[in-house]
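Counting starts at 1 for both ligands and their atoms, in listed order. Throughout, residue positions are numbered sequentially from 1 according to the sequence presented.
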Amino acid sequence: MNPDWELTGFSDCLTAKSTNMHCDVIIIGGGQSGLAVAYFLKKAEVHFLILDANETPGGAWTHTWDSLKLFSPKEYSSLPGWMMPKTMDTYPTKEEIISYLSEYEKRYEFKVRRSTKVENVTFSDNVFHIQTSKGEFSSRALISATGNWSHPYIPDYPGIESFKGDQIHSAHYLNPEKFREKKVMVVGGGNSAAQILAEVSKVTKTIWVTKEPPEYLPDHVDGRYLFELATKKYQAMLKGETLKEAHDLAKIVMVDSVKDARERGVLTAYEPFQEIRGQTILWKDRQENVDSIIWCTGFRNDLSHLSSLNVINSAGKIDVANSRSIAKPALWLLGYGDWTGFAAATLIGIQRWAKLAAKEVCEFIE
Ligand code: FAD
């Protein structure tokens, strides 16, 4: 071990007498994906540190809307090693998931350096140099698990800049209060759009716009199905086979609020409009005036901190084998959605990819 280094209290990382901190492994992002891989690295007694921009635990869940519930029960929404404690009803609430993730971090005594935003990462002499808002860190292996919440995506509709009403992305929606007495257009055809439309339509007039006619999973299919399918797909992948999915998981999960919206007849979607003019939305054969727009149009992966590594492809992703960068084998990407592993952007789905990544990291730093 390098004599100039001394062990500090900081999560077994070695720190040089100078200002920067060096670890075998650094995990950027302490949300569910970062915590899952931390569990397996801790089990393997690897020296690691988690850097997270948030002041508090919980990852993206700390930013979601008040009424958001998981679409899978706790048995299918737990991280490795510790089942989520009993929840008030079948589907855990936002508060229950945040408290679970906070307790999980404490239970395994993960050292998370909070309010530490990674700004840029370079690589030289087989070491990652990680510039952050709180000084420089370095590591031999790097796991990026920054999610996509900080990169909401709004399509560039003609006239969008002329809209006179208020408009927010689902990432910033908290509850329907500010939309009372307004006419609200919800744009998007996924779970966020359906759940937010269900909620806002209870307090005011809404119109719903989707790119394609919305499709729904059968009432009895929820996140459990996703887990079972993820397991079958993973097993098929190990055998070099591909599995035809019985249900397309991009469809909307019929959680209670969406079922209630269906009974109230608000799940009627319009096709995409052509232009926004002031507060008028124009289709080829009709128009509507609205006061607010809620864009439920998804996210883009938050990889800007890795741009100096020149590994981001034209699709804004990174070419990986499972979750390991092909171009930079000392780099792993976790939790960004199916391109980093089927169902990797879910609590239950991340486990197998986190376990595989931790195994590869251990072999790499040996
Ligand atoms: P995040 O939770 O986004 O965590 C990323 C962490 O990285 C954050 O703490 C952030 O502070 C940190 N970070 C980001 N950039 C930097 C940086 N540059 N430097 C330092 N730190 C940084 N999943 C389920 O499992 N079950 C569900 O039922 C479910 N329902 C959902 C419903 C909706 C409507 C939505 C939108 C998502 C749902 N999800 C569900 C998915 C889940 O919320 C996310 O996929 C999950 O939060 C991703 O976890 P993560 O740890 O990868 O990313």
TODO: Determine whether any heavy atom of S77 lies closer than 4.0 Å to an atom of ligand 1.
DONE: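 Checking ligand 1 against S77, which is what was asked, there is no heavy-atom contact under 4.0 Å.
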Task: Contact with ligand 1 for T116, non-hydrogen, under 4.0 angstrom - done: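 It does; at least one heavy atom falls under 4.0 Å.
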Check [Y] with [X], please: is the shortest side-chain N to carboxylate O separation under 4.0 Å?
X: D24; Y: R140; answer: yes
X: E177; Y: R180; answer: yes
X: K355; Y: E360; answer: no

Task: Criterion side chain to side chain donor-acceptor pair (under 3.5 Å) on N148 and D302, from CA distance to verdict - done: CA-CA 5 Å; N148 54 23; D302 180 4; over 6 Å; no
Which ligand 1 atoms are under 4.0 Å away from a heavy-atom of [X]?
X: W149; value: 36 (C)
X: N54; value: 9 (O), 11 (O)
X: G29; value: 6 (C), 7 (O), 12 (C)

Open item on the list: Using a 3.5 Å cut-off on N or O atoms only, is L347 in polar contact with ligand 1?
Closed with: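 Yes; the residue has a nitrogen or oxygen that sits under 3.5 Å from a nitrogen or oxygen of the ligand.
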- [ ] For this output row, return yes or no: ring centroids of Y100 and W82 closer than 6.0 angstrom.
- [x]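 Judged by ring-centre distance (under 6.0 Å), Y100 and W82 do meet the cut-off.
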Task: Test log, rule side chain to side chain contact (heavy atoms under 4.5 Å, CB included), inputs L51 and I26 - done: CA-CA 7 Å; L51 304 177; I26 281 188; 3.8 Å; yes
- [ ] Would you verify that at least one protein heavy atom lies under 4.0 Å from atom 8 (C) of ligand 1, or report that none does?
- [x]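 Yes, at least one protein heavy atom sits under 4.0 Å from atom 8 (C) of ligand 1.
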